[in-house]
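Please read the structure below before turning to the comments.
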Amino acid sequence: MLSNRIRLIFNMVTLMLLSFALMSCTPENPQSTFDTHGPISEIQKNLFLFTFWIAVIVFIVVEGAIIFVTFKYRRKNDDLPAQIHGNLRLEITWTIIPAIIIVIIAIPTVFGIWETQVMPDEEDAITINAVGHQWWFEFKYPSEEIVTANELHLPQDKNVIVNIESQDVLHSFWIPKLAGKVDMVPNHENKLWFRADNPGVYYGQCAEFCGIVHAMMRFRVVVHTEEGYQNWLEGMRTPPKTISNGSDEDEGRKLFVGNCSMCHTNDSYKKAAYHKEINSQYNRWEEWKKDKENSAIVSAPNLTHFGSRLTVASGIKENNYENVVKWIENPDSITIGTRMKNHASIYNSDKKLTDQEIQQIAKYLLSLKPDNDSMASYNQE
Amino acid sequence: MSSILGPKQFQIPRIFPRPMSHSGIWYWLGTVDHKKIGTMYGIVSFFWFIMGGIEALLIRVQLSQAENDIISPELYNQLFTMHGTTMVFLVVMPLSAAFFNWLIPLQIGARDVAFPRLNALSLWVFIFGSILMNISWFTGEAPNGGWFGYPPNSTIQFNPGNGMTFWVLGLNVLGVASIAAGLNFIVTIINMRAPGMTMMRMPVFTWMTFITSILIVLALPILGVAGIQMTGDRVYGTNFFNSEAGGDPIFWQHIFWLFGHPEVYILILPAMGIVSEILPTFARKPLFGYTFIVFSGAIIGFMGWFVWSHHMFTVGLGPAANTAFTLSTMLIAIPTGVKIFNWLATLWGGSIKFTTAMLFSIGFIAMFTIGGLSGVTHAVSPSDAQQQDTYYVVAHFHYVLFGGAIFAIFGGLYFWWPKFTGYMLNERLGILNFIIMMIGFNLQFAPMHWLGLDGMPRRIYTYAENMGWELSNLAATVGGFLIAFSVLIFIINVFISRRNKKLASGDPWDARTLEWSISSPPPHYNFVNIPQVEHIDDWWYKKYPELLEGSPKQTKSAKATVEDTSNVDESKIHLPDLSYYPLFVGIGLSIAALGVIYSYALVTIGLILVFWGCIGWSTEPVNEPHEKHH
Amino acid sequence: MSNQGVTVHHGEEINNSTGVSNKKLLMWAFLGSDVMFFGTFIGTFMAYRNKSLNGPYPEDTLDIPITSVSTFVLLMSSLGVVLAVHYLKESKMGLAKFWLILVIIMGMIFMGFQVYEFTHFAHIGMTPQANLFGSTFFTLTSLHGAHVSLGILWLIFLLYNEYKGNLTSENAIDLELAGLYWHFVDIVWIIIFALLYLITAGDGVPPGGLPWTAGH
Amino acid sequence: MSILKDLFHYDGNGWWRIPKTEEAKANPKLEHPFGKFLGMSKDFLIFITSGKGHASPAYYWAIAIILGLITIVEVWWFDVEGLRYLLVPAMLFFSLVKFILVVAFFMHLRFDNKLYSNIFVTCMIIGVFIFSLFLVLSAFHGLGN
Ligand code: HEA
Ligand code: HEA
Ligand code: CUA
Ligand SMILES: [Cu+2]
């Protein structure tokens, strides 16, 4: 009958689609979980594939049986078929076989759980604190005393332990090519570890529904060679290029101090800035809580060396002049619903910025980068 | 509440006269007939199916291309929240309830359920609860916290407005309806069986209803408590989920999934029951391994309680807990597999007729297996860390929910339609319906596996161009519209068949269970003679008694005929009279719930209505004392 | 086997499969369901035990002697119900009424204690909004209180019918059901008294005396 | 099949279903870890609860008095400083006893149709089981991480 053939075709297509999908792990798929670059995602992928192929076998058995049955046992005449009520032996068989399959799947799975979830030695790992905010990521390097936002820099071949927290609602910390996700939960500190085998830029993504901007809450992970990483650390501790008095950038700086600095810090390269930033971030949060509707202050990404970042707007847009201007002009044109748009007084009072002022701020922000711009090599791509 | 059946009847004064007529709107409002109630359940939840479907289609339209901006993020969040909630609580559960209502008394040989008025109460509470929840669309604040409403995102601190309050209150009201129905069916199935109908002679659908009812009765109170706590937080300022006071968001997740996982078996077990009725009928063979199927259903129902944390593999429960829940989750594959293989064995060696109902049932096995297998890949918790909250999960649960529950429900509709209405549905349109739905379904949801593995998170209203997700999403959207088209064919089929009225005999499919031994549609008293049951599939063996001696080949024609109702003296058969009180209680409950949002005055009015309804109900005699006839 | 000639009373009381009463079965199933209801609340309470970030803490608020008295009253009311049912079945109407009235009064006394307790707590700043302890404590006890109140209404309704002569030994089942419900509410209180009062009042301010209650 | 049969075949007077070893056959006493104790306690239980059929008011009074006494012990226990460290297990135990007394005798589960007990006990088992599990999970959140 037609319908059966169509179902047959469709089952095949589904199967093909899946296997096809498994094979095509091209760079156009920046969040593919098959294009792995570290041991954790590797274990996860292998476990998945292992289970998947077992599932495919079961699938073929079941669907094959369906197809066989539907062709073989069509009604041909009015005779009643043999009335079989059951067969204990058969039934026990097909209780035991799945049980065996389950055991086969379970063994590597349990090993996988402990392998991926037990933290490695802290001695030879770097520890990072990742904090989820509505709707951006804060990254802190407690041992290096560095803070950054929406862009995580890591050395290659080094274990990374991430302490994962959230300030407001649930978020999830996920870098598909490096490691599966772990949720960011207020009042709980979760942990995740992974290692990146190859330098490169990886996509990170908030995976737990966290409100209106959830779709736009992303970040980038930049994995350096060991040398490049030291370079970057160094850069994060040096002041940005000096700007000449009276230039657009200088005007922009003044405007930034007047309009933006209540929420954004951009001088965390300074000594002892780390604790100051942590405190002020906390105070901003408290400030927002006092008057959630109208507060002019909210926790906001640290903008130190913003010019060296790859993206603007939490990993959404490439970090270039047009996009920064667009963002400052109206964040909603890139990401609808941000706290910046809803609370910054430049949008909600008559302190509107002129086009020129916006351009000056953009230029200033983009000029914020250390002399030894470790990002230069990545900016090319 | 109990009714006082003492010699002198105490009654409160009636404001409205007790409805007595047997037609018209008043009859439908006051009916306590399980068949009418089933029909109303069916119609209302089918309406919500279309609403939920339209919400889904809007989602699909928005996602059809990268960086689409047809739908705003606010609306999108409302759409998927209400889509999920609608489909789970207003579609699959009540559609199953429609089948319970229609079939359970017929299958066990009873005149009605154990508590007809309680049954009416379930219906009305469900209807008004569903309206209550959807009123939020008109106040402009539809719920937007996802169908599992994780706090803190759903707390008043982060989600001001009434949307999520509507959601929790709606769920609580619906919970009352479900629990009442569950209790009713437990008692009905235990106590109302016809003579000789032992538990192990009950049809599998009845068995699955029984297990489902137990699950409902145990699981819904948990959701109720979660709802009360959430309402407390949102309306009265308690601190259960307020993280600033030490409240723990993980705690909500535990209770929600403590309810939520049994809930998914509440959704699928009735479907499995339906399929277990259809397959043997059209294969003309008994169900293979009845005992195994029944017990595996019970085991699924039991084990379903101990797996809930598989929805929480990524919240940091730690490897010990993850190991435990990985293992318990995987174990469920075993009893489920038993069912699958037993169904296949039922078909094996049968004489299969491909009616629409049969096609849907076979489609169910095929699609549910896919969904179940992807469920097992989820259970592998390390790799689930990559899949959790991605479209891979969306694919999994649509395969089990749509490919499972909805397919079986459509199969059931085609199968029992003649019994419900007395006329046949058009089979050719039916087969067309099946084919298009099958194509559309796979086109819609198969690519989602790939999307998820390619890193597409769920609940995002848009995605960037360079992610490589466009083609699959477009396919999914096309598939979504194909599904809608197939549903449209079903609706057209209903109307066409209604006009052409190809009348159905009492037993059009040569089926097996008791409901087919009476005329179609059944008379309101169901059975003229309460049947005496001697076997599983009693009707089948009444028709083919020689099968009991094990000589199938000679059998050509049925030996028993459908019950003749032409000369029944109906005055001898007493059925309960109509009652308005369930309706009042149902309205009252919803008004009271609405009042929690808007004003205490409404709460008071609602509660008065409930109170009055209860008193009236419990003092109202089942039958008016003076002798009167239908 | 044929029912053709027989008048079939299809009401809420035919049982043809197990010989047990529909209503009583319903009641037991409902109680099973209520187990989950209270179970979740008690689970909440225990999970949040010692997790409050601010006071008032249990040992500042809970007054064990007073609650012991009200507990005792509720416990004895259970005896009352069981006796009322017993005498009703034996058609000893006087005694049945006497015990029923006593039960209602005891229930009211219990509710009185609860009202007193709640107002007292509110007075010293322990409200559902105050902290986690308040939220978990009040929801559980007030929902228990709601059950008791409903039970009282139900018993009053039955008492009224007893006086009217509608409730006799024939339909003693109606009182028995109310009794089952009442006992259930009583056993819930038994648990609540042990967990919410006795155990909790023994908790110290610094969270976590016992390993399984310590924060993580 | 015969292995299965052996495994599940019941011969021996133990309360589990493991076939006897040769040694055990020779000496049946070895089979029972608690020896006669279980049997005796069962007899005792039957003895004190043998209200078969209908119970009399005196009987209810007795139960009520036991309940009252237990409550007094509970409150006393709470008051004694030296017993505090056992407060939690003691309270759990006492409330369990009271619970069982009320359910079994006041609510007649002990005398009534088995069906009621089955329903209620099933619910209790699932409830107690999952909420204990839940409490363990919340207490040990993140264990092993
Ligand atoms: C009808 C509803 C239904 C059903 C029946 C199931 C059945 C199963 N589900 Fe599913 N599930 C959902 C509805 C359902 N689920 C929903 C709605 C969600 C998402 C909620 C949300 O987040 O919004 C979800 C999510 C979900 C998750 C969480 C994913 C995540 O968020 O990370 C997991 C993880 O373990 C899971 C597992 C399973 C398993 C193992 C089964 C098993 O019961 C399946 C068993 C069946 C088979 C295995 C196939 C047949 C068996 C054989 C042919 C035998 C041989 C097979 C083997 C030996 C493997 N489900
Ligand atoms: C039984 C349950 C069920 C069913 C049947 C469906 C059916 C469908 N679902 Fe559903 N879905 C869920 C349960 C279900 N879903 C749940 C629980 C979620 C999670 C929500 C959350 O994350 O909180 C979800 C989430 C979900 C998402 C993810 C959203 C996101 O995460 O961002 C998507 C996306 O494509 C989707 C799509 C669809 C589609 C296209 C259908 C289609 O099958 C719909 C078919 C279309 C119709 C039924 C239309 C009806 C007919 C007509 C329109 C004809 C015209 C009518 C007349 C002339 C009267 N669903
Ligand atoms: Cu943050 Cu989603
Ligand atoms: Cu689940």
Side-chain angles (χ1 to χ4, degrees), chain B residues 1-10 111-112 114-117 179 182-184 186-187 190-195 197 217-222 224-226 228-229 232 236-240 244-248 251 255 258 525 528-530 532 568-569 572-576 615 618 622-623, chain C residues 1-18 20-23 25-26 29-30 32-37 39-41 43-44 47-48 51-54 128-132 134-136 138-139 143 154 157-158 160-161 164-168 170-171 173-174 177-178:
Chain B
M1 270 197 198
S2 62
S3 75
I4 306 293
L5 294 164
K8 273 190 289 168
Q9 195 70 39
F10 154 76
R111 288 232 151 84
D112 204 326
F115 301 97
R117 286 178 296 175
I179 294 174
L183 293 171
N184 207 341
I186 290 178
V187 178
I190 293 182
N191 248 7
M192 307 289 289
R193 282 166 288 139
M197 172 74 82
V217 160
L218 294 180
L220 268 298
I222 306 180
V225 173
I228 290 174
Q229 294 172 342
Y236 305 109
T238 55
N239 300 308
F240 292 102
E244 279 149 35
D248 190 349
F251 170 70
I255 33 180
L258 211 46
Y525 47 83
V528 182
N529 301 309
I530 297 295
Q532 178 76 38
V568 175
D569 178 7
K572 292 276 166 58
I573 301 174
H574 282 235
L575 289 170
I615 296 285
S618 54
V622 172
N623 290 95
Chain C
M1 166 191 138
S2 162
N3 287 327
Q4 181 81 52
V6 191
T7 306
V8 183
H9 258 293
H10 180 87
E12 293 182 355
E13 276 295 19
I14 45 172
N15 353 314
N16 34 28
S17 4
T18 57
V20 305
S21 146
N22 273 355
K23 286 183 192 171
L25 202 55
L26 180 77
F30 168 73
S33 169
D34 232 22
V35 164
M36 301 305 271
F37 184 83
T40 318
F41 271 120
T44 315
Y48 277 159
K51 295 264 170 69
S52 282
L53 299 182
N54 55 309
Q129 291 85 7
N131 56 15
L132 272 184
S135 300
T136 49
F138 276 104
T139 37
L143 276 156
W154 189 355
F157 175 74
L158 289 173
Y160 176 82
N161 277 286
K164 284 267 162 181
N166 291 333
L167 186 64
T168 60
E170 274 163 51
N171 51 1
I173 179 106
D174 285 323
L177 295 186

Portion of B:Leu183 that has a non-hydrogen atom of chain C nearer than 4.5 angstrom: both
Nearest non-hydrogen partners of C:Pro128 and B:Asn239, listed with the distance: O-ND2, 3.8 Å
Structural part of B:Ile255 lying under 4.5 Å from a heavy atom of chain C: side chain
Part of C:Ala178 lying under 4.5 Å from any heavy atom of chain B: neither
Heavy-atom pair with the smallest gap, counting every atom of B:Ala114 and C:Asn22: CB-ND2, 3.8 Å
Donor-acceptor contact present, side-chain C:Thr40 to main-chain B:Ile222, <3.5 Å: no
Heavy-atom closest contact (B:Ile179 atom, C:Ser33 atom, distance): CG2-OG, 3.9 Å
Heavy-atom side-chain proximity of B:Asn184 to C:Leu26 below 4.5 angstrom: no
Residue C:Tyr48 versus chain B: region with a heavy atom under 4.5 Å: side chain
Student check: side-chain heavy atoms of C:Phe37 and B:Ile228 closer than 4.5 Å: yes
Atom of C:Met36, atom of B:Pro221 and distance for their closest heavy-atom approach: CB-CB, 4.1 Å
For chain C, the option from B:Thr238, B:Val225, B:Leu218 that forms the most heavy-atom pairs under 4.5 Å: B:Val225
Heavy-atom check, side chain of B:Phe240 versus side chain of C:Thr139, under 4.5 Å: yes
Check: C:Thr44/B:Gln229 side-chain N/O donor and acceptor closer than 3.5 Å: yes
